[in-house]
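The next block holds one structure in the form of structure tokens; read it before the comments.
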Amino acid sequence: MIGVVLFGLFTILLLAGVPIAVALGLAGATAIALADQSMFAMPTNVYAGIAKYPLMAIPMFVLVGSVFDRTGVALRLVRFATAVVGAGRGALASVAVLVAMVIGGISGSGPATSAAVGQVVTRSMVKDGYPRPFIAATVGAAAATDILIPPSIAFIIYAVLVPGVSVPAIFMAGMFPGILAGIAIIVPIVIISITKDFGGKARAEERLRVWQTFKEAIWGLMAPVVILGAMRTGLVTPTEAAVLAVAYGLFVGFVIYRSLTLRDLYEMLVEAGELSAVILIVVALASVFAWSTATLGIVQPIATWIVGLNLGEYGTIALLMLVLIVIGMFLDGVSTFLILLPVLIPIANNFHWDLTWFGVILTMKIAIGQFTPPMAVNLMVSCRIAGVGMESTIPWVVWMILAMFVALALVVGFPGIALWLPHAMGLR
């Protein structure tokens, strides 16, 4: 009964527009009070929820996303990718996906990437003959790859919450699935563009030179190499890599491109501080929610019931897929992990699934939810920039959702897609 109150109150508060952090904390505290448990442990749990070394990377990765956005890296990457890919039908839309994947190797935030890429490519894509709803669908779907390609804030949270999973290992495990997801999205984009004659309308004199644009974009292209290479060689931990990424971004902005000012730096620090505070407050108060589910014994019966459905491994994965995609329409990856991992990990342990691989497929499911209407967080951002309603994107985004399902199915069916790289790099 208390379990029903816990999840029911959380749902009601969420639907009422209460911030998710407050909803998590109030629901957890109410359940503890109804069970006549001590409330004095709550402050300790709130503190313990964020007093974890890997979480220090989150503010830095949030900041580095802002730094590279303001330095003009996204624009230079678009120009270079356009020069390489060309300017035919579907070319610029494919460029948007490729650039989003590179930006994902810097910021690790889907909505942030949706905003950065959307602001850069929307006007160019309109001039090139793409309808605005298609542009919004493309950018929203492309940004979903960012929680898969390291560094990923969702992966950091997962590694912190799941014993035995290291941040470097799950970072590397997400690399190939993230690339696979990006390729999967490009396929329907190109097919639609060719059949509907989208793109290729830009004037000939606007064509760009590969070498010139490469020299302009090289510093942005090197950012993921610097971040991941430093972690791979053991020079830095993931947390230290985040600091290195900020230093690299500031060097590029102030010294190489000279596009940043001290005023920009102040505004970026404020922006990163506010966003990081939101994320960490959610993490802190979600610990109360998780503590109440563990203390009151709510988790195990739910996990036992799901396992008792006798759906088998793939049937259970399919069920979890549907549930997580629906939840992903309403919540970001961090919140979803904080709420559901106490239930999901016992299920994974029952089937003896590799927890690193399990984290990757969970994240892929959440990524699909981030651009699945009606409450897709990435799509909300891209639609706002493109100036269209979300309902207008449905004829296009549905094909990208199906493509991502195919990529997810491949990772489920062939775990080596996720696990080969961390094994080869000696991280497992």
(message) Just verifying a value: how many Å separate L260 CG and L265 CG, rounded to the nearest 0.5 Å?
(response) 8.0 Å
(message) Would you compute the distance between atom CG of L402 and atom CD1 of I368 and round it to the nearest 0.5 angstrom?
(response) 9.5 Å
(message) Looking at every non-hydrogen atom in both residues, tell me the closest pair between A136 and S382 and how far apart they are.
(response) O-OG, 2.8 Å
(request) Examine distances only and state if a side-chain atom of Y130 and a backbone atom of G90 form a donor-acceptor pair shorter than 3.5 Å. (result) yes
(message) With rounding to the nearest 0.5 angstrom, report the OG1 to CZ distance, T138 to F134.
(response) 4.0 Å
(message) Under the side chain to side chain contact (heavy atoms under 4.5 Å, CB included) test against L355, which residue among I170, V360, N349 passes?
(response) N349
(message) Taking the side chain as everything from C-beta on, heavy atoms only, tell me whether I186 gets closer than 4.5 Å to L98.
(response) yes
(message) Given 3.5 Å as the limit, does a donor-acceptor pair link the side chain of S152 with the main chain of I149, or not?
(response) no
(request) Look at the aromatic rings of W357 and W353 and report parallel, tilted or perpendicular, splitting at 30° and 60°. (result) perpendicular
(request) Taking all heavy atoms of F155 and all of G359, pick out the closest pair and write down the distance. (result) CE2-O, 4.1 Å
(request) Identify the two heavy atoms, one from A181 and one from A407, that lie closest to each other, and give their separation to 0.1 Å. (result) CA-CB, 4.2 Å
(message) Can you give me the closest heavy-atom contact between V288 and G25, atom names plus distance?
(response) CG1-O, 4.1 Å
(message) Measuring only between side-chain heavy atoms, which start at C-beta, is Y158 closer than 4.5 Å to T363?
(response) no
(request) Report the C-alpha separation of I147 and Q370 in whole Å, then their side-chain angles, then the decisive distance to 0.1 Å, and conclude whether the side chain to side chain contact (heavy atoms under 4.5 Å, CB included) test is met. (result) CA-CA 10 Å; I147 63 171; Q370 287 189 336; 4.0 Å; yes
(request) Please report the C-alpha distance between R132 and T122 in whole Å, then the side-chain angles of each, then the deciding distance to 0.1 Å, and finally whether the side chain to side chain contact (heavy atoms under 4.5 Å, CB included) criterion is met. (result) CA-CA 8 Å; R132 288 180 177 270; T122 297; 4.0 Å; yes
(request) Measure the shortest side-chain to side-chain distance between D354 and F358 over non-hydrogen atoms and say whether it is less than 4.5 angstrom. (result) no
(message) Classify the ring geometry of W396 against F198: parallel below 30°, tilted from 30° to 60°, perpendicular beyond 60°.
(response) perpendicular
(request) Begin with the C-alpha distance, continue with both residues' side-chain angles, and end with the deciding distance and a verdict on side chain to side chain contact (heavy atoms under 4.5 Å, CB included) for I156 and F171. (result) CA-CA 8 Å; I156 294 173; F171 270 10; 3.8 Å; yes
(message) To the nearest 0.5 Å, what is the distance between CD1 on I185 and CE on M101?
(response) 8.5 Å
(message) Can you tell me how the ring of F80 sits relative to the ring of F214, calling it parallel under 30°, perpendicular over 60° and tilted otherwise?
(response) tilted
(request) For F414, look at atom CZ and say whether over 12 heavy atoms of other residues, nucleotides or ligands are found less than 6.0 Å away. (result) no
(message) For T261, is there any backbone N or O sitting under 3.5 Å from a side-chain donor or acceptor partner on D264?
(response) yes
(message) Closer than 3.5 angstrom, by distance alone: can the side chain of Y248 be matched with the main-chain N or O of M222 as a donor-acceptor pair?
(response) no
(message) Go through it in stages, so that I can follow the logic: the residues are L344 and L362, the test is side chain to side chain contact (heavy atoms under 4.5 Å, CB included), and I'd like the CA-CA distance, side-chain angles, deciding distance and then a yes or no.
(response) CA-CA 10 Å; L344 297 175; L362 290 183; 4.0 Å; yes
(message) Quick check against the 3.5 Å criterion: does R76 have a side-chain atom that pairs as donor or acceptor with the backbone of T71?
(response) yes
(message) For the CG atom of L311 and the CG atom of L319, what is their distance to the nearest 0.5 Å?
(response) 6.0 Å
(message) If you define the side chain from C-beta out and look only at heavy atoms, does anything of L26 sit under 4.5 Å from L285?
(response) no
(request) May I ask you to test the L269-L63 pair for a side-chain heavy-atom distance under 4.5 Å? (result) yes
(message) Counting C-beta onward and ignoring hydrogens, is there a side-chain heavy-atom pair between L92 and V121 closer than 4.5 Å?
(response) no
(request) Locate the shortest heavy-atom distance separating S392 from V388; write the atom from each residue and the value. (result) OG-CB, 3.7 Å
(request) Determine the minimum heavy-atom distance between V246 and M60, stating which atoms define it. (result) CG2-O, 3.4 Å
(request) Would you indicate whether the side-chain heavy atoms of L309 and T316 approach each other to under 4.5 Å? (result) no
(message) Please report the interatomic distance CD1(I189) to CH2(W399), rounded to the nearest 0.5 Å.
(response) 14.0 Å
